[in-house]
Amino acid sequence: MPELPEVETVRRGLAVRLEGRRIVRVEQRRGDLRWPLPVGLPARVEGRTVRSVGRRAKYLLIGLDDGMVLLVHLGMSGRMVLTPIDRAAPPGPHDHLVFDTDDGWRIVFNDPRRFGMIDLVSGNALPTHRLLAALGPEPLEESFSPDCLSDRLAGRQTSIKAALLDQRTVAGLGNIYVCEALFEAGVSPSRSAASVAGKRCLRLVPAIKDVLTRAIAAGGSSLRDYVQTTGELGYFQHAWAVYGREGQACRHCDCEPARTGGVQRLVQSGRSTFFCPRRQR
DNA sequence: ACGAGAACCTGTTTGC
DNA sequence: TGCAAACAGGTTCTCG
C-alpha cells in the first residue's frame with residue numbers, strides 16, 4: 001500500500017489528531033510484527049504527549065515529549081485508523097496496536113501481512129538508526145536535483161527501475177511511483193541506471209517530483225481497502241498512466257491497444273513493471 | 001562488491 | 001462452483 005505519498009497522507013491525518021495530545025492508553029495485541037516490538041512499549045508511551053508527527057522516506061516519526069521517537073513503517077499492508085473511542089469497533093485480528101488520546105480519539109495500527117516495523121528510539125539517535133542511516137535523499141527536497149540523482153546512478157549496472165526502487169538511491173519511491181515517474185520522463189525501465197546518469201536526469205528528477213506531488217495532492221493511491229486516516233479513499237489510482245494498465249492505452253499515446261499492444265508488463269527483480277514502449281526509450 | 005532472487009505473511013483475484 | 005496458483009503497495013537476507 002504505502003509509498004511516500006500514502007505515508008505523507010497518513011502523516012498529515014495523524015498530525016491533526018495527535019500533535020499536542022497526550023496518549024493515555026496503549027494496548028499491544030501481539031509481540032511482533034516483522035520483528036519483536038520494543039520491550040515495554042506500552043508503558044514507555046503511555047502518559048507521553050506527542051510533540052510532532054514527521055516523516056522520513058516511508059517511515060513515520062512520532063516525536064514524544066521525553067525526546068523519544070516512535071518509528072513506524074507500514075510495510076505492505078499497514079494502516080493507521082482513527083476513530084472516536086466511543087464509536088470504535090472492538091479490535092480485529094490484525095489490529096496490533098491501539099493508542100487512545102486524552103481527547104477521546106483512538107489510533108489503531110492494523111497490518112494483516114505484518115511486514116510493518118515499529119521501534120522506539122531516542123531522537124538524538126535517529127540519524128544513525130539502522131533503518132534510516134543508509135536512506136537516500138528525500139525526493140521532494142530541493143537538494144534532490146538532476147546532478148544529485150546523476151551522481152547516485154553513475155556506474156551502476158542494474159536497471160533504472162531497480163535503482164529507483166533501492167531506497168539508498170532516493171528514498172520513498174515504490175513500485176507504483178517508479179513506474180509512473182519513468183513513464184512521465186519517457187525513460188525505459190530496462191535501461192541501465194548508468195545510462196540514465198547525465199542528461200536523462202534532467203527529465204527524470206522533475207518527473208519524480210511531479211508524480212509524487214500530484215499523488216500527495218490526491219491523498220495517495222487506494223488499492224483494495226486502503227483508506228486515509230479519515231476513512232476517505234485516496235484517488236490518485238485514477239490518474240495512473242501505466243501502473244496496472246497492461247494492454248490498455250497509456251495516458252498519452254493515441255495508439256489503439258488492439259494494434260500496438262498498449263501498456264506492456266514485464267517482471268524485473270520479481271516485481272511487475274508497467275511501461276509504454278512507444279513513449280519510453 | 002554488487003545484483004538477482006528468496007523469504008517474510010495474509011488476503012484477494014485469476015485461471016483451470 | 002471450487003480449488004489452487006498467482007499476485008499484491010516493502011524490506012532484508014542469502015547466494016552466486
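Each chain gets a letter, A, B and so on, in the order its sequence line appears, and its residues count up from 1. Side chains are part of it too, since the values below use all heavy atoms of this structure and drop only hydrogens, waters and symmetry mates.
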message: Does Arg114(A) contact dT10(B) through a side-chain donor or acceptor facing the base, at a distance under 3.5 Å?
response: no
task: Give Arg265(A) one of three labels, base, sugar-phosphate or nothing, depending on what nucleic acid heavy atoms sit under 4.0 Å from its own.
output: sugar-phosphate
5' priority, DNA chain C, between Leu131(A) and Arg113(A) [closest heavy atom]: Arg113(A)
- line: Against the side chain of Thr158(A), the closest entry in dG11(B), dG3(B), dG9(C) is dG3(B)
query: Does dC7(C) have OP1 or OP2 sitting under 4.0 Å from an N or O in the side chain of Arg271(A)?
result: no
message: With the stacking rule set at 5.5 Å and 30°, tell me whether Phe115(A) counts as stacking on dC8(B).
response: yes
query: Is the NZ or CZ atom of Arg214(A) both under 6.0 Å from the centre of the six-membered ring of Phe236(A) and within 45° of that ring's axis?
result: no
- prompt: Expressed as a whole number of Å, how far does the P atom of dG5(B) sit from that of dC7(C)?
  reply: 14 Å
query: Quick one: Glu246(A) CD to dA6(C) C1', roughly how many Å, whole number?
result: 13 Å
- prompt: Arg156(A) has an atom CZ; how far is it from atom C1' of dG3(B), in whole Å?
  reply: 10 Å
- request: With the side chain of Gln157(A) defined as its heavy atoms from C-beta on, choose the nearest nucleotide among dG3(B), dG10(C), dT12(C).
  value: dG3(B)
- request: To the nearest Å, give me how far apart CZ (Arg130(A)) and P (dT12(C)) are.
  value: 7 Å
task: Send over the distance from Leu165(A) CG to dA8(C) P, rounded to a whole Å.
output: 12 Å
- line: Rounded to whole Å, CG of Asn110(A) lies from P of dG9(C) at a distance of 19 Å
task: Please report, rounded to the nearest Å, how far the P atom of dC7(C) is from the CG atom of Leu266(A).
output: 13 Å
- request: Using a cut-off of strictly less than 4.0 Å, decide whether Ser77(A) has a side-chain nitrogen or oxygen near OP1 or OP2 of dC9(B).
  value: no
message: What's the gap between dT11(C) and dT12(B) when it is taken at their C1' atoms, as a whole Å value?
response: 22 Å
- prompt: Among Arg130(A), His129(A), His73(A), whose side-chain hydrogen bond (donor to acceptor under 3.5 Å, both in side chains) with Asp119(A) holds?
  reply: His129(A)
message: Let me spell it out: for each of Pro93(A) and Asp166(A), pick the nucleotide of DNA chain B with the closest heavy atom. Which residue's pick is nearer the 5' end?
response: Asp166(A)
- request: State, with a plain yes or no, whether a side-chain heavy atom of Leu182(A) is found less than 4.5 Å away from one of Leu204(A).
  value: yes
message: Looking at Ala241(A), is its backbone amide N or carbonyl O close enough to the side chain of Glu180(A) to form a donor-acceptor pair, meaning the two atoms are under 3.5 Å apart?
response: yes
query: If you measure from the P atom in dG9(C) to the same atom in dT14(B), how many Å do you get, rounded?
result: 14 Å
query: Just wondering, do Val205(A) and Lys209(A) contact through their side chains at under 4.5 Å, heavy atoms?
result: yes
- request: Could you work out which one of dT12(C), dA8(C), dG3(B) sits closest to the side chain of Ser272(A)?
  value: dA8(C)
query: Which part of the nucleic acid, if any, lies within contact of Gln167(A), taking any heavy atom under 4.0 Å across all strands shown: a base, the sugar-phosphate backbone alone, or nothing?
result: sugar-phosphate
query: Between dT11(C) atom C1' and Arg56(A) atom CZ, what is the distance in whole Å?
result: 16 Å
task: Tell me whether the OP1 or OP2 atom of dG10(C) has a side-chain N or O from His73(A) closer than 4.0 Å.
output: no
- prompt: Just wondering, do Tyr177(A) and Glu6(A) contact through their side chains at under 4.5 Å, heavy atoms?
  reply: yes
field: Between P of dC8(B) and NE2 of His96(A), the distance in whole Å
entry: 17 Å
Nucleotide opposite dC8(B) in a Watson-Crick or G-U pair, distances under 3.5 Å: dG10(C)
query: Within the pair Lys58(A) and dG10(C), is there a side-chain N or O less than 4.0 Å away from OP1 or OP2?
result: yes
dG11(B) phosphate, OP1 or OP2, under 4.0 Å from His94(A) side-chain N/O: yes
